[in-house]
There are 2 protein chains.
Amino acid sequence: MFDQIIETLHQRGFRMTPQRLLVLQILKDAGRHLAPQEIFAQAQRILPAMTEATVYRTLSFLSEQGLILAAHIGNGQLVYEIAGHDHHHLICRACGATKQIDHQFLESLYQQFRSKTGYQIDSLHVTFFGLCPDCQKN
Amino acid sequence: MFDQIIETLHQRGFRMTPQRLLVLQILKDAGRHLAPQEIFAQAQRILPAMTEATVYRTLSFLSEQGLILAAHIGNGQLVYEIAGHDHHHLICRACGATKQIDHQFLESLYQQFRSKTGYQIDSLHVTFFGLCPDCQKN
DNA sequence: CCTGCTATTGTAAGTAGTTACAATAGCAAA
DNA sequence: TTTGCTATTGTAACTACTTACAATAGCAGG
């Protein structure tokens with residue numbers, strides 16, 4: 001299932017463990033972003049010995065390796081999801097509704113950004129906060 | 001010094017306290033954004049009775065009232081600054097360099113955003129993560 | 001200048017996330 | 001299959017931040 005990922009880790013001198021595999025499995029099954037505590041709760045049901053510390057360490061490790069994505073959502077919370085196609089989050093600060101934006105649309109905005117500021121926007125971690133159409137009415 | 005702010009709070013049914021005044025003063029003197037812990041350290045030197053809980057509560061209160069601004073910077077940390085002219089943060093995820101972007105430039109981007117997604121981007125809280133020109137070379 | 005209402009504070013306990021360190025267990029190589 | 005190196009884990013203590021509750025203290029009105 002995750003043979004390619006295991007191969008990648010070995011090439012980089014890292015190891016695959018039941019804990020890491022479980023976190024990947026949980027994120028994959030969820031099909032959406034999860035908070036560390038949600039992941040910990042699910043993980044412990046399957047692998048009771050697993051601790052919070054390991055969950056947090058595993059999440060930052062997998063994220064550094066580019067195998068999962070970390071995204072900041074409202075109130076500074078960090079959530080994780082399986083790395084897939086590039087997309088981004090648009091979060092309503094009033095009702096919390098989240099919407100995904102596809103990468104292609106943002107490309108043109110990034111280009112304008114770069115020519116103006118010199119900064120290259122990190123296309124994997126962008127999250128926008130704003131008001132969704134419904135909440136703009138209030 | 002903060003007469004206008006005090007007046008505003010009273011009109012809304014809230015009170016001014018030495019603790020709130022001190023947080024405002026510290027942010028104003030700093031002239032840049034500060035983390036809650038930096039504010040707490042400075043505050044306690046002047047008002048030893050002041051506790052962490054009060055600092056955190058004061059920061060979210062002042063922020064809700066629009067008197068200070070909260071901004072997420074790298075690694076999910078929240079920082080605060082005195083509300084002034086609209087501006088935004090652009091943070092390099094490699095070296096941590098921060099740059100301010102003026103509101104006017106972003107206006108045009110927001111407009112494109114809104115017509116595409118229907119979401120109105122929150123112009124006071126936008127923070128971009130990316131790579132600064134220097135770090136792009138590595 | 002008092003008085004009373006209640007917003008705000010400090011206290012203390014709780015939750016989320018991080019870190020040093022010694023024990024454990026992947027995995028590469030024999 | 002066995003062995004040894006060291007990446008990874010669990011433990012336990014620590015930091016940042018939050019919250020319920022009773023005591024305190026702004027401030028509006030008399």
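Please read these numbers as outputs of a predicted model, since none were measured by experiment. By convention in this document, chain letters (A, B, ...) are assigned in the order of the sequence lines, proteins followed by strands, and residues within each chain are numbered from 1.
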Counting only pairs under 3.5 Å, give me each side-chain donor-acceptor contact of residues 24-31 of chain A, with atom names and distances, residues two or more places apart or in other chains.
from   : atom 1 : to     : atom 2 : distance (Å)
Q25(A) : NE2    : D29(A) : OD1    : 3.1

Atom-pair distance ([atom1] on [X]; [atom2] on [N]), nearest Å:
{"X": "E64(A)", "N": "dA7(D)", "atom1": "CD", "atom2": "P", "value": "14 Å"}
{"X": "L9(B)", "N": "dT6(C)", "atom1": "CG", "atom2": "P", "value": "19 Å"}
{"X": "F61(A)", "N": "dA7(D)", "atom1": "CZ", "atom2": "C1'", "value": "9 Å"}
{"X": "F40(B)", "N": "dT9(C)", "atom1": "CZ", "atom2": "C1'", "value": "14 Å"}
{"X": "E38(B)", "N": "dA16(D)", "atom1": "CD", "atom2": "P", "value": "11 Å"}
{"X": "L22(B)", "N": "dT9(C)", "atom1": "CG", "atom2": "C1'", "value": "14 Å"}
{"X": "L78(A)", "N": "dG17(C)", "atom1": "CG", "atom2": "P", "value": "8 Å"}
{"X": "L62(B)", "N": "dT8(C)", "atom1": "CG", "atom2": "P", "value": "10 Å"}

(request) Identify the two heavy atoms, one from Q42(B) and one from L34(B), that lie closest to each other, and give their separation to 0.1 Å. (result) NE2-CD1, 4.2 Å
Are any of the side-chain heavy atoms of [X] and [Y] separated by less than 4.5 Å?
{"X": "Q4(A)", "Y": "T8(A)", "result": "yes"}
{"X": "L69(B)", "Y": "Y80(B)", "result": "no"}
{"X": "V55(B)", "Y": "Q44(B)", "result": "no"}

(message) Once you apply a heavy-atom cut-off of 4.0 Å, does E52(A) come out as touching a base, just sugar-phosphate, or nothing?
(response) nothing
(message) Rounding to 10°, can you tell me the angle the first-five-pair axis of the helix from dC1(C)-dG30(D) to dA30(C)-dT1(D) makes with its last-five-pair axis?
(response) 30°
(message) Can you pull out every salt bridge (Lys or Arg N to Asp or Glu O under 4.0 Å) where at least one residue sits in residues 48-67 of chain B? Sequence neighbours excluded, please.
(response) none
(message) Please list all pairs meeting salt bridge (Lys or Arg N to Asp or Glu O under 4.0 Å) that have one or both residues in residues 33-48 of chain B, counting only residues at least two apart or in different chains.
(response) R32(B)-E38(B)
(request) Kindly say if Q77(A) contacts the phosphate of dA16(C), meaning a side-chain N or O under 4.0 Å from OP1 or OP2. (result) no
(message) Taking 4.0 Å as the cut-off, does a side-chain nitrogen or oxygen of T54(B) come that near to OP1 or OP2 on dT9(C)?
(response)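 T54(B) to dT9(C) OP1/OP2: no side-chain N or O under 4.0 Å.
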(message) Return whichever of R20(A) or P36(B) has its heavy-atom-nearest nucleotide of DNA chain D closer to the 5' end.
(response)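 Result: R20(A).
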Could you tabulate the donor-acceptor pairs under 3.5 Å formed by side-chain atoms of residues 9-16 of chain B, not counting sequence neighbours?
from   : atom 1 : to     : atom 2 : distance (Å)
Q11(B) : NE2    : E7(B)  : OE2    : 3.3
R12(B) : NH1    : Q65(B) : O      : 3.1
R12(B) : NH1    : Q65(B) : OE1    : 2.7

(message) I need the single residue from L78(B), T54(B), V79(B), I39(B) that forms a side-chain contact (heavy atoms from CB on, under 4.5 Å) with L59(B). Which is it?
(response) I39(B)
(message) Generate the contact string for nucleotides 19-30 of chain C. Rules: B means base contact, S means sugar-phosphate contact only, - means no protein heavy atom under 4.0 Å.
(response) BB----BBSS--
